[in-house]
There are 2 protein chains.
Amino acid sequence: MRKDAASTIYHLVRSGQAQTQRDIEQETGLSRGTATQRITELLEAGLLTEGPSRPSAGGRPARGFAINPDYRNLVGVDMGERLGRACLFDLSGQILDQCSFDLDLRADPQVTLAQIAGAAADLDRSSARTAPVAALGLSVPAPLDVATGRVAMPSVMYGWDNLDIREALGRMTGLPVAVDNDVNLLCLAEHRLNWPQCRNFAFIKIGTGIGCGIMVGGALLRGASGTAGDLGHIQHGLQPAPLCRCGKQGCTEAHAAGWALARDLRGQGFDCQDARDVMELWLRGEPEALQALNRGSRVLGKVSADLVAMLNPEVLVIGGQLARAGEAMLAGVRELIYQRCLPLATQQLTIALASNTEDLGVRGAAFLAMEQIPIQPA
Amino acid sequence: MRKDAASTIYHLVRSGQAQTQRDIEQETGLSRGTATQRITELLEAGLLTEGPSRPSAGGRPARGFAINPDYRNLVGVDMGERLGRACLFDLSGQILDQCSFDLDLRADPQVTLAQIAGAAADLDRSSARTAPVAALGLSVPAPLDVATGRVAMPSVMYGWDNLDIREALGRMTGLPVAVDNDVNLLCLAEHRLNWPQCRNFAFIKIGTGIGCGIMVGGALLRGASGTAGDLGHIQHGLQPAPLCRCGKQGCTEAHAAGWALARDLRGQGFDCQDARDVMELWLRGEPEALQALNRGSRVLGKVSADLVAMLNPEVLVIGGQLARAGEAMLAGVRELIYQRCLPLATQQLTIALASNTEDLGVRGAAFLAMEQIPIQPA
DNA sequence: CTGCTTCTGCATAATATTGGGCAAAAGATC
DNA sequence: GATCTTTTGCCCAATATTATGCAGAAGCAG
């Protein structure tokens, strides 16, 4: 019960649900005396600090508390398609240090894991001057069975099946490890950074592929086998129906993903391989690129409308490489959602672009670790 | 804490999560002594009874507990489009008594509420011989803002806007009241009756209209404004795109709902007004009716596939009037889901027909009341 | 029948928590 | 500056909970 209360208070304060002793008493149901005691303990341990007082509401202003960002550090690692990125975070989510390494997802998983562990060790050394590293969070570019820590769709990451990533990486680094899918972690980061109070949240990533993370009541929705939010392979009736890399025809991805737009632009004579190239053409002002983005935007709008009808989110965020096109990408999404969904559902809806595209993945990994792994007060 | 523990144990036992003292100790985290004490209290109060012992696992068999179904009764009310149905339940969910009344959703809400309160009063009298009525659950055929107890889309139930149904009905009956949308309650009932362990569950109702309830982690997913699961008005690219009663074109409903199939059959010279008539023609073996159902089934399959891709449920149940066609309705759903969704998502998926079509609505209302309203041991 | 295991009841000492009462601090209001 | 409100600290008696040991009950395996 004792440690439990500490962890509960930690999370209440961290998530912003409680800032004063009063808040903590109400949220936990503890009595005044007990709350005072717990808080004192956490202050003495150094996990909590006094934060800014809440402005008075007619009486004595409440003393505010905050997490001491320097009590522990965390490592977040984002496995990209070609590049791995590892960052050191304090408990406030600030990036303290970072490093990158080349990644080959077709290589022997043990090699890749060793690279990750190596980066973590580097950051751990760098962290030694400030605070000990308490946990490692990892973003994996494939569907995961979070319960077992294994890759759920080995086809994408060949050779990773039956490898318990969490366990293996934990053994190699000596740290508690939290793992999740990249899209889920982008979703988590965007929620925590910009929409922390939103209880029905969705994040669509449109980059080289298309994916989606969903949060309900502050937690990620994963589904029975970890594939929830798979709107990249929802099929449309649009003609012609291009072949998708999943083998079916007419998937959202085959119309709108970065690889599909690149394919179309190649057909128009451009040298264009992936989402990044598409964006480059767009930045150069090529009208064909803008046209492709507009087309993609409206296809994305269709699945977005389906998503809004089905889940009735409060906030829908569009992120990923192609979202750097900003309004050009949002236009079709807005159009189709407002055209197709119930006013009742759209009244409450905010549609926005993701912030901070560079760091979002690692940040998500850090948030995951922060939230899944209990802080040891010892 | 005291009452809280009682309520916690009650729910653990009721939901089947705990049957023995050992289970209760583990699930609640209470110590043996405390658990013994609580259980004794609840046994003495009459809320718990000794149930069947769990078979021995090598030693003394554990004493099983169960809810005493006769400790309290509940009233469930289902507002249909033309008929209201009220049932008296014991705590095991058995129907003890029932009554019906004509309903006109366009009438003055106060009149309708009075009818409901009247039916509840009748059942309360009938209940007096056994146990006191502890709560009333109500199924409303319109989207609801469950937080405030108000109808969210007044267009469907004209005159009901700004009426706090829960509060009003509570005042009229003197009972604590729980309210929810009809589709959500069908979903709840089906889950509790047949798939209680399933953590990712979806229920599609295809009757005169089309709607869907979603459960995540044992709780209904309502969305930001209570419209989650609205797949009746997801639009398809199918040509021709018939006009929907919502004013848009090509909605799922406009292709596949009972009213749409009835419209098509009228066009073929049949006298057919709603889902019930469609089913009658089908039962008579009219080939046109079967053809219409097949067509509807495949359209339903499309949105079902979208749903499965988006939410990755473990179980998908199809219910409502048209689901009485059984395999004729399931065929298209199965076909399109297996054709369009990832094997990873469909491996885990069970697709089934709803049970017990007649009572499902009232049963759901009773479950809602049972779960939302704490039992007073006094 | 005998030992083994599991489940339960009971008693007790050691802790923990609650709920008040009282006082003081720190700002708002007039 | 006086009074009010809200927040907090501290103390204490009354309860509640936990961990623990012991004993008995009830079935299983040999």
Side-chain angles (χ1 to χ4, degrees), chain A residues 1-13 16-68 374 376-378, chain B residues 1-13 16-68 374 376-378:
Chain A
M1 263 303 186
R2 196 85 176 235
K3 269 184 187 168
D4 211 43
S7 166
T8 309
I9 292 176
Y10 167 71
H11 278 103
L12 281 174
V13 176
Q17 286 180 75
Q19 289 165 339
T20 69
Q21 175 157 345
R22 250 303 162 66
D23 294 345
I24 293 174
E25 287 161 14
Q26 286 181 348
E27 295 289 327
T28 59
L30 294 174
S31 70
R32 257 209 332 251
T34 317
T36 304
Q37 196 184 327
R38 293 278 177 288
I39 292 170
T40 313
E41 284 169 17
L42 293 178
L43 282 171
E44 278 169 6
L47 207 168
L48 283 186
T49 359
E50 289 201 32
S53 301
R54 174 184 293 183
S56 158
R60 170 174 172 176
R63 179 167 64 142
F65 297 107
I67 299 299
N68 174 6
Q376 308 291 349
Chain B
M1 264 300 188
R2 196 85 174 233
K3 270 186 189 168
D4 211 41
S7 165
T8 309
I9 293 176
Y10 167 71
H11 278 104
L12 281 174
V13 176
Q17 286 179 78
Q19 288 164 341
T20 69
Q21 174 157 346
R22 250 304 162 66
D23 294 345
I24 293 174
E25 287 161 15
Q26 285 181 349
E27 295 290 328
T28 58
L30 294 175
S31 71
R32 236 177 26 213
T34 318
T36 304
Q37 196 184 326
R38 293 280 177 287
I39 292 171
T40 313
E41 284 170 18
L42 292 178
L43 282 171
E44 278 169 5
L47 208 167
L48 284 186
T49 0
E50 289 202 30
S53 301
R54 173 184 292 182
S56 157
R60 170 175 173 175
R63 179 168 63 142
F65 298 106
I67 299 299
N68 173 5
Q376 308 291 348

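Just so we're on the same page: letters track the sequence lines, and every chain starts at 1.
Considering every non-hydrogen atom in both B:Thr36 and B:Gln21, the closest pair reads OG1-NE2, 2.8 Å. Considering all non-hydrogen atoms of both residues, B:Val13 and B:Ala66 come closest at CG1-CA, 3.8 Å. Residues B:Asn68 and B:Gly46 share a closest heavy-atom pair of ND2-O, 2.9 Å. Listed here is the closest heavy atom pair of A:Ala18 and A:Glu27: CB-CG, 4.4 Å.
Listed nucleotides C:dA16, C:dT18, D:dT8 differ in distance to A:Thr34; the shortest reach to its side chain belongs to C:dT18. Out of C:dG9, C:dT18, D:dT18, the shortest distance to the side chain of A:Ser31 is found at C:dT18. Relative to the side chain of A:Ala62, the nucleotides C:dT17, D:dT7, C:dT8 differ in distance, and D:dT7 lies closest.
Look at CD on A:Gln19: it is 17 Å from C1' on D:dT8, rounded to the nearest Å. Taking atom CZ of residue A:Arg63 and atom C1' of nucleotide C:dA25, one finds them 12 Å apart after rounding to whole Å. For the pair B:Leu30 CG and D:dT18 C1', the interatomic distance rounds to 10 Å; values are reported in whole Å. At whole-Å resolution of the value, CD1 in B:Ile9 and P in D:dT17 are 10 Å apart. Straight-line distance from the CZ atom of B:Arg22 to the P atom of D:dA26: 18 Å, rounded to whole Å. Note: CZ (A:Arg38) to P (D:dG9) measures 15 Å, nearest angstrom. The distance between atom CD of A:Glu50 and atom C1' of C:dA26, rounded to the nearest whole Å, is 14 Å. One interatomic measurement links the two molecules: CD1 of A:Ile39 to P of D:dT7, which rounds to 13 Å at whole-angstrom precision.
For D:dT7, the OP1/OP2 oxygens have no side-chain nitrogen or oxygen of A:Arg32 closer than 4.0 Å. At the phosphate of D:dG9, OP1 or OP2 sits under 4.0 Å from a side-chain N or O atom of A:Gln21.
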